[in-house]
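Taking it in order: structure first as structure tokens, then the write-up.
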Amino acid sequence: MTAWLMKSEPDVYGLSDLKRDQTTPWEGVRNYQARNFLRDDAQVGDLVLFYHSNAEPSGVAGLARVARAAYPDPTQFDPKSDYADPTSPPDAPRWVTVDLAFVEAWRAPVTLAQLKADSALESMEVTRRGSRLSVHPVSQVHFDRVVALGRANGVL
DNA sequence: GCCAACGTTGGC
DNA sequence: GCCAACGTTGGC
């Protein structure tokens, strides 16, 4: 089991959208490192810190769970999609997606400022300057700490 | 294989 | 809106 952090812009697709939909394909990952994590390491049941980027404020909004392991991302073959990749070979699709399921939302996010200020989270990837990997593993210790901070804000 | 140009991410 | 960080592309 691996714990994860995945970023999304709430204006595009936020945790409240996932709560409404209950499950969603995590489409549009177009970074090789992030893809490799999804393809090679994400397993059904893995828990995910759902991070809102470009938000006011940015931070971890709650939890999701991997509901389906990696499969080819259909949007790469959809010419009308923003995520279309005409160079991806149909017989060996370049990009994958996983399905996420809603788990819980917090009354207020654990903000990036809060994450940076917490000495227990010093080495956490998302607190690093210039960090922009949208899918990456999180240590169990960091995961548990962020969940404790989030739940302290109240579970919706 | 190097590296400059360019595009994207995402905090502020 | 600005810009730092960093990934990708393409000329050589």
Side-chain angles (χ1 to χ4, degrees), chain A residues 2-21 24-42 46-66 70-100 102-139 141-143 145-150 152-153:
Chain A
T2 308
W4 300 93
L5 184 146
M6 299 192 194
K7 297 179 185 173
S8 185
E9 303 193 21
D11 291 349
V12 178
Y13 194 91
L15 187 56
S16 59
D17 297 303
L18 181 57
K19 187 175 188 178
R20 178 196 62 217
D21 299 340
T24 196
W26 202 246
E27 295 166 334
V29 171
R30 295 293 182 270
N31 169 282
Y32 286 103
Q33 211 181 337
R35 179 207 63 183
N36 293 347
F37 281 134
L38 291 181
R39 187 189 60 193
D40 302 337
D41 301 319
D46 285 355
L47 289 172
V48 178
L49 298 174
F50 196 108
Y51 183 90
H52 284 168
S53 58
N54 277 319
E56 201 50 60
S58 293
V60 180
L63 300 178
R65 178 170 38 78
V66 176
Y71 60 99
D73 182 343
T75 62
Q76 70 196 303
F77 300 122
D78 177 0
K80 295 189 297 291
S81 170
D82 287 345
Y83 304 127
D85 181 358
T87 70
S88 177
D91 55 342
R94 178 170 301 142
W95 306 111
V96 301
T97 184
V98 299
D99 287 354
L100 290 190
F102 177 78
V103 174
E104 69 185 47
W106 301 325
R107 191 167 297 282
V110 181
T111 66
L112 181 59
Q114 224 180 328
L115 296 172
K116 284 181 170 171
D118 194 309
S119 57
L121 301 174
E122 223 164 331
S123 57
M124 198 175 170
E125 167 75 17
V126 78
T127 64
R128 275 186 40 239
R129 175 181 171 80
S131 162
R132 36 174 221 163
L133 189 57
S134 64
V135 173
H136 60 262
V138 173
S139 78
V141 170
H142 289 165
F143 180 86
R145 176 66 181 154
V146 174
V147 171
L149 291 169
N153 292 340

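Chain letters run A, B, ... following the sequence lines, proteins first, then strands; residues in each count from 1.
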What is the separation between atom [atom1] on [X] and atom [atom2] on [N], rounded to the nearest whole Å?
{"X": "Gln33(A)", "N": "dT9(B)", "atom1": "CD", "atom2": "P", "value": "15 Å"}
{"X": "Asp82(A)", "N": "dT9(B)", "atom1": "CG", "atom2": "P", "value": "11 Å"}
{"X": "Leu112(A)", "N": "dT9(B)", "atom1": "CG", "atom2": "P", "value": "18 Å"}
{"X": "Arg132(A)", "N": "dT9(B)", "atom1": "CZ", "atom2": "P", "value": "8 Å"}
{"X": "Trp95(A)", "N": "dT8(C)", "atom1": "CH2", "atom2": "C1'", "value": "10 Å"}
{"X": "Lys116(A)", "N": "dG11(B)", "atom1": "NZ", "atom2": "C1'", "value": "7 Å"}
{"X": "Leu133(A)", "N": "dG11(B)", "atom1": "CG", "atom2": "P", "value": "13 Å"}
{"X": "His52(A)", "N": "dG10(B)", "atom1": "NE2", "atom2": "P", "value": "13 Å"}

Donor on one side chain, acceptor on other, Ser88(A) and Gln76(A), under 3.5 Å: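 Yes, because at least one side-chain N or O of Ser88(A) sits under 3.5 Å from a partner of the opposite role on Gln76(A).
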Donor on one side chain, acceptor on other, Asp78(A) and Tyr83(A), under 3.5 Å: no
Shortest side-chain distance from Tyr32(A), nucleotide among dG10(B), dT8(C), dG11(B): dT8(C)
Listed nucleotide nearest any side-chain atom of Asn31(A), set dG10(B), dG7(C), dG11(B):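 The answer is dG7(C), which lies nearest to the side chain.
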Residue pair Asn31(A) / Arg132(A), side-chain heavy-atom distance below 4.5 Å: no
Side chain to side chain, Val138(A) and Met124(A), heavy atoms closer than 4.5 Å: yes
Given [N], is OP1 or OP2 found less than 4.0 Å from the side-chain N or O atoms of [X]?
{"X": "Arg128(A)", "N": "dC6(C)", "value": "yes"}
{"X": "Lys7(A)", "N": "dT9(B)", "value": "no"}
{"X": "Tyr83(A)", "N": "dT8(B)", "value": "no"}
{"X": "Arg129(A)", "N": "dA5(C)", "value": "yes"}

Derivation of the ring-ring contact (aromatic ring centres under 6.0 Å, His included) call for Tyr32(A) and Trp95(A): CA-CA 8 Å; Tyr32(A) 286 103; Trp95(A) 306 111; 4.9 Å; yes
